[in-house]
Engineer: 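The structure's right below; bear with me while I get my questions together.
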Amino acid sequence: METLTYRDALRRALSDAMREDPDVFVIGEEVGRYGGAYGVTKGLIDEFGPERLLDTPISEPGIVGTAVGAAMAGMRPVAELMYVDFIGMTMDQLCNQAAKIRYMFGGQIGVPMVLRTQGGTGRSAGAQHSQSLEAYIMHTPGLRLAMPATVGDAYHLLRHALRQPDPVVFIEHKALYAQSEDVDLSAAAPDWGKAAVRRAGSDLVIVTYSRQLHYALDAAETLSAEGIEAAVVDLRTLNPLDFDTLRPLVEAAGRAIVVSEGPMTAGVAAELAARISEECFDFLENPVLRVAGEDIPISVSTELETGSVPSAASIADAARRLMS
Amino acid sequence: METLTYRDALRRALSDAMREDPDVFVIGEEVGRYGGAYGVTKGLIDEFGPERLLDTPISEPGIVGTAVGAAMAGMRPVAELMYVDFIGMTMDQLCNQAAKIRYMFGGQIGVPMVLRTQGGTGRSAGAQHSQSLEAYIMHTPGLRLAMPATVGDAYHLLRHALRQPDPVVFIEHKALYAQSEDVDLSAAAPDWGKAAVRRAGSDLVIVTYSRQLHYALDAAETLSAEGIEAAVVDLRTLNPLDFDTLRPLVEAAGRAIVVSEGPMTAGVAAELAARISEECFDFLENPVLRVAGEDIPISVSTELETGSVPSAASIADAARRLMS
Amino acid sequence: MTQIADRSAPTSNTGLLELYTAMRRIRTFEERVGELFVRGESAGSMLHLSIGEESAAVGVSSAMKPGDTFTTHHRGHGIFLARGADPKRMMAEIAGKETGYCHGKGGSMHIADMGLGHLGANAIVGGGIPAVVGAALVARRKETGAVSVAFFGDGAMQQGILYESMNMAALWGLPAIFVCINNQWGMGTRIDQATRATALHERALAFGLSGETVDGLDVRNVQDAAARIVDGARAGTPGFLAVDCYRHFGHARKDKSPYRSEAEEDEGRARDPLAFARAALAEAGHAAPAVDAVDDAAAAEMDSTIDYAIGSNEPQIASMFRDVFAPGEPEPEPVQTRLDRVMATS
Amino acid sequence: MTQIADRSAPTSNTGLLELYTAMRRIRTFEERVGELFVRGESAGSMLHLSIGEESAAVGVSSAMKPGDTFTTHHRGHGIFLARGADPKRMMAEIAGKETGYCHGKGGSMHIADMGLGHLGANAIVGGGIPAVVGAALVARRKETGAVSVAFFGDGAMQQGILYESMNMAALWGLPAIFVCINNQWGMGTRIDQATRATALHERALAFGLSGETVDGLDVRNVQDAAARIVDGARAGTPGFLAVDCYRHFGHARKDKSPYRSEAEEDEGRARDPLAFARAALAEAGHAAPAVDAVDDAAAAEMDSTIDYAIGSNEPQIASMFRDVFAPGEPEPEPVQTRLDRVMATS
Ligand SMILES: Cc1ncc(C[n+]2csc(CCOP(=O)(O)OP(=O)(O)O)c2C)c(N)n1
Ligand SMILES: Cc1ncc(C[n+]2csc(CCOP(=O)(O)OP(=O)(O)O)c2C)c(N)n1
Ligand SMILES: [Mg+2]
Ligand SMILES: [Mg+2]
């Protein structure tokens with residue numbers, strides 16, 4: 001057992017992987033000397049050197065494209081995108097190239113790269129530095145998508161991602177970096193692609209991932225004090241999506257809430273609500289409720305920023321409606 | 001009444017708008033001398049000249065960014081993206097700039113531009129020239145989204161789009177250009193943002209848009225011969241989304257199928273299924289069925305290409321299951 | 001446009017004292033922004049100060065006219081001030097307040113004002129560059145005689161969209177200008193760690209634009225070079241100008257620049273356009289008190305911006321759903337409204 | 001890599017007859033692709049023939065070695081053939097058949113073969129360029145001595161990603177080469193309608209690469225220039241080479257190029273690297289029959305590719321869900337399977 005932050009765990013995953021596999025290297029803006037905009041790669045350059053912590057110019061499309069080529073040529077690049085908000089520049093390389101190469105080329109080659117980035121609100125960073133864009137990725141065939149909510153998963157999911165034969169988009173949450181937990185990283189790693197039931201509860205199921213897991217757990221505590229027992233499921237990976245863990249819980253409770261920080265319309269919450277509604281139809285007492293980000297840009301004003309995404313209060317409020 | 005193709009109607013909408021409003025101009029690759037990769041702008045340069053049919057280098061991010069600046073500076077650019085598949089290069093300019101400028105700047109200015117493009121399968125054009133990517137746009141706050149299915153809408157929706165105060169992504173379907181209809185363009189234009197009930201039917205409601213409308217109508221014919229009467233709704237615009245037209249039909253029929261050519265997961269079909277499931281919960285006899293594109297890239301092989309998206313047969317098949 | 005006139009922004013003919021005054025107002029404003037942050041009153045910590053770059057803002061601005069448009073980057077406070085911004089409304093925006101230029105929605109990296117031709121700051125490195133091609137296109141089409149200027153840092157020289165933009169501007173002979181404020185650093189990356197090709201203007205020449213690199217130590221050099229480039233652009237030859245300067249402090253408020261040596265920083269800060277101008281003014285016979293008076297006036301003006309920002313209200317939560325689309329257009333439905341209806345009907 | 005040896009691809013020392021042979025095989029193959037389309041046996045009509053550009057493919061390829069990697073664009077048949085591709089499997093892929101290089105999933109614009117170092121053709125103009133930076137990075141890291149070459153057209157010179165890629169290659173001193181096949185046209189846009197800066201190699205120089213423009217009329221010029229650029233890249237100085245040539249026919253099969261004058265086309269087609277080589281061979285004393293024999297052999301070889309493609313099977317519909325992810329990994333669920341389960345459980 002040791003106490004680590006989410007940031008430390010990510011760094012540990014990178015260094016363990018780099019020690020184990022000489023083909024793993026990190027490429028991106030400020031990943032080396034600077035140690036990463038959020039300090040995730042801090043100090044790694046001292047052990048692994050500038051060739052394996054490759055600082056790049058500010059050229060996002062080129063960085064992702066370079067990673068695609070390096071992966072095809074036999075190495076395991078971890079391309080870092082400082083903010084997921086910058087993904088718009090790279091979506092051709094990510095979605096037309098990385099995601100489709102194995103398929104277009106008839107299976108002769110894969111693109112085992114990891115695109116590490118971070119998103120979400122919490123720093124009053126404004127409309128272009130606070131987004132939750134995972135839905136773009138979840139919608140794109142050929143990409144895996146991992147979004148750790150806990151310190152343990154920050155480590156284990158990144159280790160798993162670095163063993164995948166296909167491109168993985170790995171999205172961290174900027175508000176979680178400083179969070180710390182007691183973890184035993186030597187313990188057996190939970191499987192890749194399996195959701196975790198973070199809390200048992202028979203009245204309703206709250207399905208979420210990344211930072212919203214913590215709001216969901218807080219809400220569940222509040223609800224419990226009111227006599228409402230909510231199960232809380234952390235999806236961990238959105239592709240693969242583990243519906244098998246979800247199904248029995250929802251069928252038993254008959255009520256579900258899906259929570260995502262991203263904009264509601266055509267987002268991850270829509271997919272989860274549609275999936276539960278179609279697969280658990282006969283078991284639902286009530287509609288699946290979507291608690292998600294508003295369909296608006298994020299303001300720099302802290303008040304507007306906070307108001308535009310779900311909170312423990314808004315999740316609890318939705319649960320109460322569902323139970324009433 | 002006159003007989004026009006979808007392509008002709010689009011061209012007519014552009015020329016009528018350009019005559020009416022001197023600030024409207026077209027900017028994009030091959031839009032002038034060449035007349036557009038699919039011939040939509042053919043001949044317009046003769047009437048309006050090269051300044052208003054501005055041929056550009058192959059620089060998609062720059063083209064969209066130029067349109068953003070021109071719109072802010074007081075004109076009405078129609079930026080043409082030859083294939084919606086190229087949008088990945090432009091999503092920063094489209095989603096971080098065009099979509100957010102009015103909001104970020106506190107409402108002082110809008111970006112009245114239209115991004116005209118085309119998508120979908122039908123030409124064995126392969127994985128990077130056959131996609132249906134409207135979900136990316138529908139998920140992005142600040143963008144309007146129109147997808148005409150008929151010759152009349154090709155004209156009217158584009159005219160409407162060219163009067164919008166905010167950015168509109170206008171996605172045509174490559175398989176519809178040659179389709180012709182008898183239309184009276186002088187007749188009153190249907191409202192922007194209103195769905196059209198293309199066929200009445202009390203047993204189930206098929207909700208779709210763009211090319212899939214025609215497959216849905218074919219399926220409805222087949223089903224009718226079998227004694228199943230399906231209503232068919234053409235959404236016309238995905239933002240704004242007209243749920244008010246949908247609700248009573250679904251509540252009356254108690255059964256709904258949503259059809260989209262785009263990949264199923266976290267796509268437009270997911271949003272429509274989630275929306276119907278939550279808003280019409282008490283009226284649904286059966287789960288809302290999603291008939292959508294497979295979560296795979298599109299192959300160049302015509303057989304695989306056709307097999308990877310919905311067809312009249314697969315829609316009818318889903319309807320039969322729903323009624324059985 | 002009157003605001004510009006009111007603030008009597010320097011022009012190509014302006015003397016050094018006015019140029020110094022404009023630079024001092026910027027320096028003092030940025031110092032107050034730092035203070036706002038320290039007092040915990042700024043919206044977030046992503047504040048990028050332009051201290052050391054004042055000559056680029058003031059020098060280039062001096063060649064611009066009312067009606068000209070421009071876009072800036074994440075370090076654009078100084079440029080906007082040089083174009084006539086009201087520092088009170090700027091500070092309020094940086095604090096995320098209702099009285100700010102963007103009513104607290106934009107903040108330091110998304111400030112804009114159409115009245116002054118400011119088409120917007122940008123939090124995407126290079127994101128604001130192509131807009132000037134569009135604005136220049138419109139200026140030519142409508143024969144307004146205006147130019148449009150993109151301001152960005154040396155880091156943006158490695159963003160492909162710059163070359164797409166310069167190429168189109170050259171191809172179409174547009175009144176567009178690309179100004180690279182080369183403060184030698186992009187976050188923790190020195191310019192020679194981002195490219196082998198550090199003679200930045202040569203890239204513009206290779207795309208058919210006119211281009212120069214000028215030392216920003218003496219604001220008069222920038223004033224002259226900018227006049228040449230802007231005049232050329234008004235005549236239809238787009239131009240590029242790199243202004244060499246130094247980022248005196250960290251990248252953002254929290255960055256202490258551990259990746260730079262003290263020696264380098266001392267040398268870099270010694271290349272201070274304000275100190276240089278002060279010396280030149282003294283040489284030119286301006287009495288110290290007259291120059292001190294300028295500093296005091298700037299201090300007084302900028303002090304008041306902090307009180308104004310702190311005294312202003314937070315935006316109303318109700319404003320959250322406004323301005324996604326134009327007034328009167330269908331608005332996004334709030335999540336709560338949706339939930340109310342869903343639970344009411346079921 | 002043996003395939004390359006087997007097909008004895010030309011090298012820097014290869015004489016003109018072999019170079020001619022390689023060019024003729026490409027020309028004849030492309031003519032057969034046109035025939036495949038006319039017979040309605042191609043998968044779609046997006047077929048871009050490289051007739052007129054054979055010297056670029058063969059000349060640059062002659063400087064490449066087994067183990068070198070490359071990416072191509074939408075007009076890449078000739079390059080792949082020059083690198084040793086099996087024309088039967090190429091034709092089958094172009095027909096969308098199971099026996100093709102990509103089992104009918106990729107087609108003309110997405111053909112690839114890892115065995116020959118072909119990292120892939122691309123339907124995105126410029127889309128394949130940055131991959132060579134990554135491949136070159138790996139070549140250097142693993143000290144394979146290989147270079148990686150990006151082939152693209154003049155239209156891609158206006159895509160920003162090219163400059164990001166060249167800048168990184170120069171910054172890191174990678175064995176990467178950027179080859180622009182300048183056939184003067186990008187669809188209906190002539191190069192001087194896409195840029196003011198038509199001396200394309202100057203852009204590479206401005207980014208710190210070595211760069212040349214060579215006339216593709218004489219394949220031996222390309223062979224020599226490519227040897228210089230490739231040797232430089234192996235030594236750590238990435239290079240750029242523009243090969244001037246002419247797109248003899250339409251952009252794609254259906255394009256009749258109404259936007260070009262007949263006079264221009266006649267002149268352009270007269271600049272034919274094959275005709276030029278034939279003349280040079282005659283001058284050098286090669287008897288016509290020997291050269292005719294080369295043409296006949298190419299005709300016989302390429303005729304057989306059509307029968308092979310037409311005789312091959314369509315991919316099985318079941319293969320549709322394969323290769324989205326690696327074998328054994330969780331696969332996407334077919335829509336039908338989902339519907340079956342949903343209706344079964346409700
Ligand atoms: C597209 C994009 N990439 C990366 C960043 C993160 N970032 C913000 S400023 C900056 C450095 C920019 O350097 P430069 O352009 O020289 O401007 P300066 O900060 O020196 O004024 C970086 C990497 C960003 N905001 N946008
Ligand atoms: C990103 C992108 N933009 C536009 C197109 C459409 N397109 C295909 S080929 C082509 C012209 C390319 O010209 P060039 O690069 O000179 O290659 P060439 O066709 O002459 O071989 C265009 C515009 C595309 N496929 N990808
Ligand atoms: Mg800088
Ligand atoms: Mg060309």
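Since we're looking at a predicted model, the values are computed, not measured. All chains are named by letter (A, B, ...) in the order of the sequence lines, taking the proteins before the strands, and each is independently numbered beginning at 1.
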Engineer: Just to be sure I understand the criterion: a residue of residues 314-324 of chain B counts if one of its heavy atoms is under 4.5 Å from a heavy atom of chain A. Which ones qualify?
Structural biologist: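 Checking residues 314-324 of chain B against chain A gives no residue, so none.
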Engineer: Tell me, side chain or backbone of A:Tyr136 under 4.5 Å from chain B's heavy atoms, or both, or neither?
Structural biologist: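 Both parts, backbone and side chain.
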Engineer: Side chain from CB out, backbone as N, CA, C, O: work out which of these in A:Gln131 comes under 4.5 Å of a heavy atom of chain B, or both, or neither.
Structural biologist: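 Interface part for A:Gln131: side chain.
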Engineer: Any side-chain heavy atom of A:Tyr103 within less than 4.5 Å of one from B:Ser299?
Structural biologist: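 Yes; the side chains approach each other to less than 4.5 Å.
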Engineer: Is any side-chain heavy atom of B:Glu278 closer than 4.5 Å to a side-chain heavy atom of A:Arg290?
Structural biologist: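 Touching, per the 4.5 Å side-chain cut-off.
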Engineer: Non-hydrogen atoms of chain B under 4.5 Å away: do they reach the side chain of A:Glu285, the backbone, both or neither?
Structural biologist: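 Just the backbone, heavy atoms under 4.5 Å.
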Engineer: Select one option (side chain, backbone, both, neither) describing which atoms of A:Met104 are under 4.5 Å from chain B's heavy atoms.
Structural biologist: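 A:Met104 touches chain B through side-chain heavy atoms alone.
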Engineer: Name the option with the most non-hydrogen atom pairs under 4.5 Å to chain B; the candidates are A:Glu60, A:Lys100, A:Gln93.
Structural biologist: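 Sorted descending by pairs with chain B, the first entry is A:Lys100.
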Engineer: Check whether any side-chain N or O of B:Gln128 sits under 3.5 Å from a backbone N or O of A:Asn96 as a donor-acceptor pair, and report yes or no.
Structural biologist: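 Pair found, side chain donor or acceptor close to backbone of A:Asn96.
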Engineer: Nearest 0.5 Å, what's the CG-CG distance between A:Asp282 and B:Asn286?
Structural biologist: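 Atom-to-atom, A:Asp282:CG and B:Asn286:CG are 8.0 Å apart.
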Engineer: Spell out the residues in residues 254-272 of chain B that have some non-hydrogen atom less than 4.5 Å away from a non-hydrogen atom of chain A, in order of number; otherwise answer 'none'.
Structural biologist: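 When heavy atoms of chain A are the reference, residues 254-272 of chain B contributes B:Pro263, B:Met264, B:Thr265, B:Ala266, B:Gly267, B:Ala270, B:Glu271 within the under-4.5 Å range.
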Engineer: Could you report the tightest heavy-atom contact between A:Ala273 and B:Ala274, atom names first, then the distance?
Structural biologist: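 Of all heavy-atom pairs spanning A:Ala273 and B:Ala274, the closest is CB-CB, 4.0 Å.
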Engineer: Would you mind checking which part of B:Leu284 comes under 4.5 Å of any heavy atom in chain A, side chain (CB onward), backbone (N, CA, C, O), both or neither?
Structural biologist: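 Both the backbone and the side chain of B:Leu284 come within 4.5 Å of chain A.
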Engineer: Please give me the minimum heavy-atom distance between A:His139 and B:Ser132, naming the atom from each residue.
Structural biologist: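 For A:His139 and B:Ser132, the tightest heavy-atom pair comes out as NE2-O, 4.4 Å.
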Engineer: Testing the basics here: between A:Asp85 and B:Asp92, what is the closest heavy-atom pair and its distance to 0.1 Å?
Structural biologist: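 Of all heavy-atom pairs spanning A:Asp85 and B:Asp92, the closest is O-OD1, 4.4 Å.
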Engineer: Among the options B:Thr140, B:Leu289, B:Val300, pick out the one with the most heavy-atom pairs lying under 4.5 Å from chain A.
Structural biologist: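 Sorted descending by pairs with chain A, the first entry is B:Thr140.
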Engineer: Is A:Leu241 close to chain B through its backbone or its side chain, or both, or neither, when contacts mean heavy atoms under 4.5 Å?
Structural biologist: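 Contact with chain B is absent: no heavy atom of A:Leu241 under 4.5 Å.
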